[in-house]
Student: 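First the structure, which I've put down as structure tokens, then a few questions once you've had a look.
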There are 2 protein chains.
Amino acid sequence: MREAPGTAPDLGWLSFNQMTCDPADLSLAIEATAKGGLQWIGVWRHKIKDAPVEEFGKRIRDAGLRVSGLCRGGMFPALTAEERQHRIDDNFRALDEAAALGTDTLVMVCGGLPAGSRDLDGARQMVVDGLSAMVPHAKARGVRIGIEPLHPMYNADRAVVATLGLANDMAERVGSDQVGVVIDVYHVWWDPQVYREIERARGRIFGFHVCDWLVPTPHMLMGRGMMGDGVIEIARLRQAVEGQGYTGPIECEIFNQAVWDAPIDDTIARMKQTYLDWC
Amino acid sequence: MREAPGTAPDLGWLSFNQMTCDPADLSLAIEATAKGGLQWIGVWRHKIKDAPVEEFGKRIRDAGLRVSGLCRGGMFPALTAEERQHRIDDNFRALDEAAALGTDTLVMVCGGLPAGSRDLDGARQMVVDGLSAMVPHAKARGVRIGIEPLHPMYNADRAVVATLGLANDMAERVGSDQVGVVIDVYHVWWDPQVYREIERARGRIFGFHVCDWLVPTPHMLMGRGMMGDGVIEIARLRQAVEGQGYTGPIECEIFNQAVWDAPIDDTIARMKQTYLDWC
């Protein structure tokens with residue numbers, strides 16, 4: 001359990017999201033995270049290959065690490081009922097994988113508009129339906145479903161859940177303790193309602209991610225910065241989240257080719273320092 | 001006065017925002033807009049050159065056109081009081097220019113964070129202060145100040161007014177009939193609160209802009225699409241705005257190199273057709 005809010009960031013809760021170094025495979029990411037003295041790692045599903053997921057779960061435990069969250073479930077909206085069921089079935093597998101890795105949190109990137117569709121309300125309903133369909137399986141596996149609102153610039157193609165307010169609305173509509181939110185500063189920092197919605201999320205904050213917003217942003221997808229290199233009030237957001245009782249790991253997740261091109265050990269060292277300085 | 005909401009779009013209210021064809025100077029834009037049979041043009045300040053603004057006002061009237069709005073005032077946040085006053089003085093000149101062009105609306109791009117600053121609340125306060133400082137001069141010139149919320153991806157560097165909700169809050173805080181909002185579908189379409197906030201904006205909607213959100217978006221600044229080429233429910237938004245009593249011109253404003261590269265007459269013809277088809 002972390003100290004009271006307002007205290008300095010604690011390296012014991014910092015988690016290395018493996019997409020902060022895409023060139024590394026999962027085995028290397030595990031090794032580098034442990035070597036860097038961290039206790040947590042964030043895992044992506046598409047990186048689980050060359051060995052069964054249970055094997056990776058064992059390797060992570062053997063390295064003295066815990067998995068802060070598995071990315072990603074979601075991608076619910078689709079044009080046909082058959083395809084939507086297909087996506088839900090895949091989310092069941094994601095829950096199985098999360099349990100096998102020993103994490104209690106599946107991070108959800110809920111999906112954008114179906115191809116060719118302009119029906120935003122309809123797509124948002126499909127997200128709520130998909131989340132609801134996941135609840136019994138999530139309970140059975142002991143895995144929580146964390147709805148991650150994405151920045152509105154991804155509304156069309158990645159997540160129609162464009163604000164923390166909408167993620168809170170959806171969690172309330174599903175109405176299960178199994179469903180909450182994951183807050184990434186990159187996606188929510190601009191929102192005039194963010195502090196109010198963090199308060200509203202009390203009790204259902206399942207994850208907290210950090211990075212920074214660069215000015216100018218070099219790329220819509222690959223333009224994230226290391227903490228301190230941008231303009232987000234990261235420490236203020238962390239304290240707000242912790243002020244609502246969040247005591248879990250803090251994942252650093254950066255999509256940026258320049259960061260990816262650096263040696264993984266250097267990236268982890270820099271992440272640790274900027275976390276202490278800016279989070 | 002336009003027909004009741006729910007009716008088809010009327011070309012008599014379509015306005016050609018001159019930045020839909022950046023290569024054309026203002027004289028050519030005036031000529032092409034009139035030749036295209038339109039009655040309205042949207043003007044940008046940086047295009048007023050080679051002749052005094054009063055001269056352009058006369059040319060526009062002589063061409064049988066009216067100016068739907070002048071872009072742009074704003075850019076309030078700055079690190080020093082002196083620089084902020086400098087920006088406000090420039091906004092006074094923008095009001096003078098709007099009056100000289102014969103338009104009753106100055107469109108405000110309110111500005112991002114001051115260089116090197118992370119103080120988002122502070123920057124937003126500077127916007128409210130700047131708007132308030134403009135009110136007496138705006139009244140004297142008979143020009144309305146339209147706060148344009150910009151897409152959150154421009155929050156850091158162009159407009160800390162990231163939502164229509166915040167624009168409404170600011171207009172209420174300034175508390176003058178002279179201050180309202182300008183709604184561009186590109187900036188607000190993703191917002192789960194947009195229809196509620198359009199209702200709240202009743203009586204202070206000073207402008208309505210259309211274009212489309214392309215998937216994928218080719219560029220953060222220059223990635224707008226012609227109506228129908230993207231995923232925005234434009235007609236629904238138009239009807240919502242008109243449902244709140246908006247009866248003014250509808251500006252088409254597209255920043256996109258491919259659109260800019262087309263001959264201006266072709267662009268205006270295509271704009272007219274896609275407006276009828278999709279707005």
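Only this structure's heavy atoms are used, side chains among them; waters, hydrogens and symmetry mates stay out. Labels below follow one simple rule: chain letters A, B, ... track the order of the sequence lines, proteins then strands, and each chain is numbered from 1. Every value quoted in this text rests on a predicted model; they were computed, and no experiment measured them.
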Student: Could you walk me through whether A/Gln193 and B/Gln193 pass the side-chain contact (heavy atoms from CB on, under 4.5 Å) check?
Tutor: CA-CA 11 Å; A/Gln193 304 292 331; B/Gln193 303 292 332; over 6 Å; no
Student: For the candidates A/Gly230, A/Gly112, A/Pro152, which exhibits the highest count of non-hydrogen atom pairs separated by less than 4.5 Å from chain B?
Tutor: A/Pro152
Student: For residues 75-83 of chain A, please give each side-chain donor-acceptor pair under 3.5 Å, one per line with the distance, not counting sequence neighbours.
Tutor:
unit_1	atom_1	unit_2	atom_2	d
A/Thr80	OG1	A/Glu83	N	3.0
A/Glu83	OE2	A/Arg87	NE	2.6
A/Glu83	OE2	A/Arg87	NH2	3.4

Student: Between A/His151 and B/His151, what is the shortest heavy-atom contact and its length?
Tutor: CE1-CE1, 4.2 Å
Student: Just wondering, do B/Val160 and A/Trp190 contact through their side chains at under 4.5 Å, heavy atoms?
Tutor: no
Student: Can you list the residues of residues 206-217 of chain B that sit under 4.5 Å from chain A, counting heavy atoms only?
Tutor: B/Trp213, B/Val215, B/Thr217
Student: Once side-chain contact (heavy atoms from CB on, under 4.5 Å) is applied, do any residues pair with B/Leu221, and if so which ones, sequence neighbours excluded?
Tutor: B/Tyr154, B/Arg158, B/His219
Student: Rounded to the nearest 0.5 Å, what's the gap from CG on B/Asp191 to CG on A/Asn155? Could you check?
Tutor: 9.5 Å
Student: Heavy-atom count check: over 12 atoms from other residues, nucleotides or ligands less than 6.0 Å from B/Asp90 CG?
Tutor: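 Yes.
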Student: Report, by ascending residue number, the residues of residues 116-131 of chain B in heavy-atom contact with chain A at a distance under 4.5 Å; give 'none' if the set is empty.
Tutor: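 The stretch touches chain A at B/Ser117, B/Arg118, B/Asp119, B/Leu120, B/Asp121, B/Arg124.
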Student: Output the option from B/Val161, B/Leu166, B/Asp157 having the highest count of non-hydrogen pairs under 4.5 Å with chain A.
Tutor: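 Of the candidates given, the most pairs with chain A belong to B/Leu166.
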Student: Heavy-atom pairs under 4.5 Å with chain A: which of B/Ala162, B/Gly165, B/Ala156 has the most?
Tutor: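 Option with the greatest count: B/Ala156.
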